[in-house]
Amino acid sequence: MRLRGAPRSFGGVIVTAVLLFAALVGALALWPNRSYRLPWQDSFASGDIDGWQAFGGAWSPYKGGIRNNSDERGAKFITGSPAWSDYAVDADVSLLGEDGDAGIIVRSSDEEEGVDSYSGYYVGLRDSNNSLTIGRADHGWAEYQAVSPRERLLPSHWYHLHIVAVGCSIAAVASSGTPGDRTWVAMYEPSCARSGRIGLRSYSSGGLWKNIRVSRAGSGELNPLLAQAPPQPKPGFLQSEAGFNSLRLNQPGISSQFTENLHQAATAPLAPIGQLSGLSAGQPVTVAIRGSVTLISPRVYVQDATGGATVEFLHAPSLKIGDEVQIAGEVEPSHFSAALHKATGHVLWQRSPAPPISVSATQAAVGLYDARFIETEAEVDGVRDSAGGQIELLLHSGYQHFVSIVDSQANPSPLRNIRPHSRVRVRGVCVVDPAFTGNAAGFAILLRSSSDVHVLAGPPWWALRNLLAAGMALPVVALLGLFVYSRAEHWRMRAVLDERLRMAREVHDTLAQGYAAIAFQLESAIDREGRISTPESVTRALQMAERSRGEAHLSIASLRALHAEARFSELLRRLLAVQIASGITLAIRSYGTERRLPVEIESNLLRIIQECVANTVRHAKAALVQVELHYAPELLSVTVSDDGTGFDPDAAPGTEEGHYGLAGMRERSARIGADFQLTSAPAGTCIRVRVPLPRSRSVAWGYTLSLFRRTLRRLGGLRLAAFGRSEQMDAKDNPRFDLR
């Protein structure tokens, strides 16, 4: 026989643990991040770029703002909360070069490196076709509108963008600071993305951003923009943004960004960069080189297909990674690469940055790739701050030890979070200059930003840190497991004892009393000489034995039925069917929301109803027996009626005559705190039992709360009166099952 109490006790432990864990996880997931509550503003003025995530580009704080020093196509810098929905973004934006664009992403999600590799909306300034553009990116590009401003868009000029996203409408206005020079764009997408983060984005030109603010917005902020620019309901361009921009990109043209002596750059002999290291170190030689910029801080590095070189200009230029330049200067050759001093030149055009050359640490250490853009894999030894205010990532691959260096302002936090013994891939300019290696490492890699370090795998499980953490956690987990096991075993045994106590009470009320009555009758039938003096007492004892045997069968059937999963009305129908004699009709009806009740209540109700039906069959000469169950939130009313002859309740025989039926029903009703009423007339008899029930919450939930309360009480000695009085009872207590 399965004990309903025991599984519920151990199940309660599991349910409690699951509920507590789910509540903790839900609270952590839903608790709003204070850093991303609206209104929100950037911290670029203090050089803080924590919370931003780079997808390509070379991002670093610059004069109170953030700068992308790369011509990379589709570089993104993302921050904010995915839960931001209707909001307005204000930002100052400046393009660093020509034939590109820079702007703001709103409602961004699913970001990756690459052109259009995100899902969201973009509003940007594009100087390739002199327009303010708005469109939808979803790992592809759909441009809804492009409007030309009154004045020509210029690089290195600040423009203010005000973007509002409410519902499925996105609108923006750009202003140059010149009175009257304002440009509006708007779009509407029926199946729109309704929430997402914000981001900064540039394509080919690089860019500068500052004064970024995000605030809540509604129709009051949106409607003034829509009045100036009705939203476009469908895109005008369905091709990729890369294809659209390629119509105007990579067209050769001279820029005056750092032109100092065009004649020198144009007339000096043009030499491959890889041949400069072979020049004589005697008399200075002026040569011209042509290549792509791979790094601009802490030094400028330029490379072509043959090699790389560092460049020192007469005046600090404004360059971006990826710029194709022609430079002339005095060559200072070295064993592995060369340096150009007093350099002048000009930008030929803008292009995507050169891809890294994949090499091993051993190849990089011999100097063959000095001053060139490479990538390699290694294991992390640690992170440290250098004397020059830079962050150094200590690495090794095999027996080769080297360092990766990034400027301390270029978002170093991700590097500090990399754990020792992690496997990483690093990209940057390889140098063997002792100024960077300190003669303590084989070579150094100069990173453009912390995003040039990609973690491939965390430290192995056997790392010292993990072993120490596991060693500290195992005793705690073991003690917790032992405590949970002991509590579960204790509660299981308590449930078993409660069930045994209930069964003992059942046996006492039926079989024990029956045997006692039989013994009394037999004793009264035998005289002192051992002879049977009153045969009537023996006959009565036999009748009592037969009745006790019937009671035993009913008890066994009841116990088996109560631990089944069927509804209570179905259990009644199944058990009472064997008691109904032929010619009598049994009708069982249930009203309200039927539910299973504590075993104490169900077992006593079942025995009361069985006794009623048995009396009807024996004495009432009835043709119909009706059992009605009326379920209310806090009350169950059970009515058993028949259409028999009826009797006088006051004149009915009692326990002194050996009749325990009515007395037993009243005792069982009192045991569960129920109200017992009996009425009888010549037209039939009716018995009504009204039982108070636990409150509307489920028994399982109430039992879980009680288990939780008992656990806290045993852990900390707390008395949580708010959870109500204990449901634990012994045989002498009122057995009413109340979980308040």
**Q** With a 4.0 Å cut-off on N to O distance, would you call D71 and K320 a salt bridge?
**A**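 Salt bridge: yes.
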
**Q** Between N68 and A75, which heavy-atom pair has the shortest distance, and what is it?
**A**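 So the minimum-distance heavy-atom pair works out to ND2-CB, 3.6 Å.
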
**Q** Would you mind telling me which of R136, R107, H139, E112 makes a side chain to side chain donor-acceptor pair (under 3.5 Å) with S119?
**A**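 In the set R136, R107, H139, E112, the residue that makes a side chain to side chain donor-acceptor pair (under 3.5 Å) with S119 is R136.
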
**Q** What heavy-atom pair brings P356 and R427 nearest, and what distance separates the two atoms?
**A**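 P356 and R427 have their closest heavy atoms at CG-CD, 3.8 Å.
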
**Q** Side chain of Y301, backbone of G308: donor and acceptor closer than 3.5 Å?
**A**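 Such a contact is absent between Y301 side chain and G308 backbone.
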
**Q** Does L276 reach the side chain of P333, with side-chain heavy atoms less than 4.5 Å apart?
**A**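 No, side chains not in contact.
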
**Q** Looking at Q41 and R213, would you say the former's side chain and the latter's main chain have a donor-acceptor pair under 3.5 Å?
**A**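 Side chain of Q41 to backbone of R213, a donor-acceptor pair under 3.5 Å: no, none is there.
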
**Q** Should R201 and D101 count as side-chain neighbours, where that means a heavy-atom distance under 4.5 Å?
**A**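 In contact.
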
**Q** Whether the T362 and S360 side chains hold a donor-acceptor pair (N or O, under 3.5 Å, no angle test) is what I'd like checked.
**A**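 On atom types as modelled, these side chains do not qualify, holding no pair under 3.5 Å.
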
**Q** Starting from the C-alpha separation in whole Å, work towards a yes-or-no answer on side chain to side chain contact (heavy atoms under 4.5 Å, CB included) for I66 and F77.
**A** CA-CA 10 Å; I66 190 75; F77 207 43; 3.9 Å; yes

**Q** Looking at D433 and R299, is any side-chain nitrogen of the basic one under 4.0 Å from a carboxylate oxygen of the acidic one?
**A**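 Yes.
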
**Q** Would you say the ring centers of W158 and W209 fall short of 6.0 Å from each other?
**A**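 Not under 6.0 Å, so no.
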
**Q** I'd like to know whether F44 forms a ring pair (Phe, Tyr, Trp, His ring centres under 6.0 Å) with W52, so could you lay out the CA-CA distance, the side-chain angles of the two residues, the decisive distance to 0.1 Å, and finally the verdict.
**A** CA-CA 11 Å; F44 296 150; W52 291 81; 5.2 Å; yes

**Q** What is the minimum heavy-atom distance between S450 and V406, and which atoms define it?
**A**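 Closest approach of S450 to V406: N-CG2, 4.1 Å.
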
**Q** Got a list of side-chain donor-acceptor pairs under 3.5 Å for residues 170-185, not counting sequence neighbours?
**A**
from: S176; atom 1: OG; to: T178; atom 2: N; distance (Å): 3.4
from: S176; atom 1: OG; to: D181; atom 2: OD2; distance (Å): 2.5

**Q** Between D127 and P155, which heavy-atom pair has the shortest distance, and what is it?
**A**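 Here D127 and P155 meet closest at OD2-CG, 4.2 Å.
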
**Q** Once you round to the nearest 0.5 Å, how far does OG1 of T294 lie from CD1 of I321?
**A**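 Answer for the OG1-CD1 pair, T294 versus I321, is 7.5 Å.
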
**Q** Just by modelled atom types, is the G307 backbone N or O under 3.5 Å from a matching donor or acceptor in the D304 side chain?
**A**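 Judged by distance alone, yes, a pair lies under 3.5 Å.
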
**Q** Please name the pair of heavy atoms, one in S148 and one in N130, separated by the smallest distance, quoted to 0.1 Å.
**A**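 Smallest heavy-atom distance, with atoms named: OG-O, 3.0 Å.
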
**Q** Pick out which of V331, V300, V302, T310 makes a side-chain contact (heavy atoms from CB on, under 4.5 Å) with L340.
**A**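 Only one option passes, and that is V331.
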
**Q** Which one of I212, L208, D42, V93 satisfies the side-chain contact (heavy atoms from CB on, under 4.5 Å) criterion with L200?
**A**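 Going through the options one by one, the only one that passes is I212.
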
**Q** May I ask you to say whether E143 pairs ionically with R126, meaning some side-chain N is under 4.0 Å from a carboxylate O?
**A**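 Yes, this pair counts.
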
**Q** Answer with yes or no whether the side chains of E330 and H341 bring together a donor and an acceptor at under 3.5 Å.
**A**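 The answer is no; no qualifying pair exists.
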
**Q** Return the minimal non-hydrogen interatomic distance between F443 and A361, and the atom names on each side.
**A**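 Distance-wise, the nearest heavy atoms are CE2-O, 3.4 Å.
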
**Q** Look at E111 together with R197 and state whether they make a salt bridge at an N to O cut-off of under 4.0 Å.
**A**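 Judged by the 4.0 Å cut-off on N to carboxylate O distance, E111 and R197 do form a salt bridge.
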
**Q** Do L446 and V431 make a side-chain contact, defined as non-hydrogen atoms from C-beta onward lying under 4.5 Å apart?
**A**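 The answer is yes; the side chains approach within 4.5 Å.
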
**Q** Less than 4.0 angstrom from a charged side-chain N to a carboxylate O is my criterion; do R416 and D50 meet it?
**A**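 Answer for the salt bridge query: no.
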
**Q** Name every donor-acceptor pair, under 3.5 Å, that has one atom in a side chain of residues 372-380 and the other anywhere in the protein, sequence neighbours excluded.
**A**
from: R372; atom 1: NH2; to: A305; atom 2: O; distance (Å): 3.4
from: T376; atom 1: OG1; to: V359; atom 2: O; distance (Å): 3.0
from: E377; atom 1: OE2; to: R425; atom 2: NH2; distance (Å): 3.3
from: E379; atom 1: OE2; to: H421; atom 2: ND1; distance (Å): 3.2

